[in-house]
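Per chain, numbering begins at 1; letters A, B, ... match sequence-line order. Because the structure is a prediction, the values reported are computed rather than measured.
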Number of protein chains: 2
Amino acid sequence: MPIKLSIIKQDFTEGLSQISRFWGFPKGMGAIFAVLYLSPTPLPLDEIVSQTGLTKGAVSTEVRTLARMGLVHRFSKLGDRKDYYEAESDFYKSIRSILKERQNSEFDRAIRSVKETLEKFESGSVSGVEAEVKFVYERVKALQEFFNAIDTLASAVIKLENLGFVNVTKILSVLK
Amino acid sequence: MPIKLSIIKQDFTEGLSQISRFWGFPKGMGAIFAVLYLSPTPLPLDEIVSQTGLTKGAVSTEVRTLARMGLVHRFSKLGDRKDYYEAESDFYKSIRSILKERQNSEFDRAIRSVKETLEKFESGSVSGVEAEVKFVYERVKALQEFFNAIDTLASAVIKLENLGFVNVTKILSVLK
DNA sequence: TACTGTGTTTAGTAATTACTAAACACAGTA
DNA sequence: TACTGTGTTTAGTAATTACTAAACACAGTA
């Protein structure tokens with residue numbers, strides 16, 4: 001008994017919804033991406049609406065977020081009032097733009113605040129019991145260095161674009 | 001006018017709370033970790049309570065989650081009824097255990113479902129217009145390969161433990 | 001056995017987030 | 001100018017999540 005393609009599509013969409021939620025995005029976002037990703041042709045908003053069961057409003061705002069993250073692209077056809085949406089299928093490209101997007105985010109602000117804390121220590125303007133000041137300084141510094149390492153690694157990841165899987169294997173061999 | 005250490009600690013704690021929220025964890029979790037991370041000595045539960053302003057109940061459950069993720073360690077002292085908590089300061093170690101923890105998570109279940117979908121295609125048991133079936137198959141497969149690459153990369157990251165920053169730089173040079 | 005000090009669980013509330021329904025804006029067309 | 005078809009914004013609701021307050025369990029001690 002063969003499985004219908006439409007069932008497969010539905011399963012896949014549900015899977016991406018879960019993954020989306022897992023990473024702290026609305027599950028609707030995952031669903032919208034899935035629908036576009038599995039469509040051979042770009043889809044207009046109302047088509048996304050009917051395939052996901054969300055309302056126009058929700059799709060309108062979430063598809064915009066997806067576009068800002070570079071996961072989907074919006075464009076219009078001449079002589080057609082509708083906008084069309086298409087999924088980005090180069091994930092390394094998407095990752096790059098997501099990371100860029102996050103650059104100006106709350107996360108980065110928090111990281112920068114750690115850095116500023118460190119600078120206060122280094123300008124010697126922190127008062128308190130010497131041993132404790134030193135301890136806290138070392139800890140804050142260690143965290144800062146860890147963030148830097150992760151940041152460098154992230155830069156490495158976005159370079160994976162157009163390089164593909166082979167190089168990930170290379171990385172592994174360096175680390176052995 | 002020198003800055004008091006206690007102010008610094010407070011700023012740092014707020015910063016980690018934000019970072020915690022950004023990654024989809026409760027902000028209280030970040031605060032608890034920060035307090036422990038900046039303490040030169042292990043702290044009992046009631047001390048965490050007073051330094052974070054959370055209630056016993058909240059600290060009790062969240063500290064357990066942190067322990068499961070390997071970000072803090074709990075232990076008891078002989079002849080002392082209290083439990084004591086200490087932050088893990090080797091972040092690579094923490095990352096490794098967080099990734100392990102996630103292995104059995106919803107995320108992994110979702111990823112596995114993508115794999116199963118793929119297997120259905122490969123056993124030829126999907127019905128539908130041939131061209132469309134093929135298109136969807138290719139797309140699902142591409143996503144699966146991407147997940148694999150990320151997975152491999154994650155394995156690489158956890159190997160960074162005890163290797164440190166130098167090797168991240170090495171990685172970068174390979175990618176140039 | 002009752003009491004004290006510890007951590008845990010539970011029932012409920014507060015805060016946040018995702019989403020809906022509907023008003024709206026605006027461009028193109030009769 | 002009114003009408004139609006599009007996407008957007010807004011006000012409010014539903015669902016979820018983080019957290020509190022308080023009951024509870026349990027081990028050790030008088």
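- Listed nucleotides: dG7(D), dA18(D), dT17(D). Nearest to the side chain of P26(B): dA18(D).
- Between S60(B) and dT8(C) there is a side-chain N or O to OP1 or OP2 distance below 4.0 Å.
- For the pair K56(A) NZ and dT10(D) P, the interatomic distance rounds to 15 Å; values are reported in whole Å.
- A salt bridge links K9(B) with E132(A); the closest basic N to acidic carboxylate O contact falls under 4.0 Å.
- Across all strands shown, the partner of dA18(D) is dT13(C), judged by Watson-Crick or G-U wobble contacts whose two distances both fall under 3.5 Å.
- Remark: K141(B) fails to qualify as a cation-pi partner of F121(B) under the 6.0 Å distance and 45° angle criteria applied to the six-membered ring.
- Rounded to an integer number of Å, the gap from CG of D46(A) to C1' of dT8(D) is 15 Å.
- Of the candidates dG7(C), dT20(C), dG7(D), the closest approach to any side-chain atom of R74(A) belongs to dG7(D).
- Side-chain nitrogen and oxygen atoms of R64(A) include at least one within less than 4.0 Å of the OP1 or OP2 phosphate oxygen of dT9(D).
- Using a 4.0 Å cut-off between a side-chain N of Lys or Arg and a carboxylate O of Asp or Glu, K82(A) and D46(A) qualify as a salt bridge.
- Defined by atom type and a distance below 3.5 Å, a donor-acceptor pair is missing between the side-chain atoms of R139(A) and Y37(B).
- Ion pairing of K115(A) with E122(A) is absent here, as no side-chain N (NZ or NE/NH1/NH2) approaches a carboxylate O to less than 4.0 Å.
- Proximity of T55(A) to the phosphate of dA21(C): no side-chain N or O atom is located under 4.0 Å from OP1 or OP2.
- Rounded to whole Å, the distance from CD on E62(A) to P on dT17(C) is 14 Å.
- Put simply, CG on D80(B) is 13 Å from C1' on dG7(C), counting in whole angstrom units.
- Considering only side-chain N and O atoms, R21(A) lies nowhere under 4.0 angstrom from the phosphate OP1 or OP2 of dA15(D).
- One atom, CG of L54(B), and another, P of dT8(C), lie 15 Å apart when rounded to the nearest Å.
- Comparing dT9(C), dA21(C), dT8(D) by their nearest atom to the side chain of T61(B) picks out dT9(C).
- In this structure, G79(B) reaches neither bases nor backbone, as no heavy-atom distance under 4.0 Å exists between it and the strands shown.
- Among the nucleotides dT16(D), dG5(C), dT9(D), the one closest to the side chain of R81(B) is dG5(C).
- One can place CZ of F22(B) at 13 Å from P of dT17(C), the figure rounded to the nearest angstrom.
- Pairing for dC26(C) is with dG5(D), a Watson-Crick or G-U wobble pair whose two hydrogen-bonding atom distances lie under 3.5 Å.
- The side chain of L45(B) approaches dG7(C) more closely than any other nucleotide in the set dT17(D), dG7(C), dT16(C).
- Annotation: the span from S39(B) atom OG to E47(B) atom CD amounts to 8.0 Å, rounded to 0.5 Å.
- The CG atom of D83(B) sits 7 Å away from the P atom of dT8(C) (whole-angstrom rounding).
- Whole-Å rounding puts the I48(A) CD1 to dT6(D) P distance at 14 Å.
- Nucleic acid contact class of K27(A) (heavy atoms, under 4.0 Å, all strands): sugar-phosphate only.
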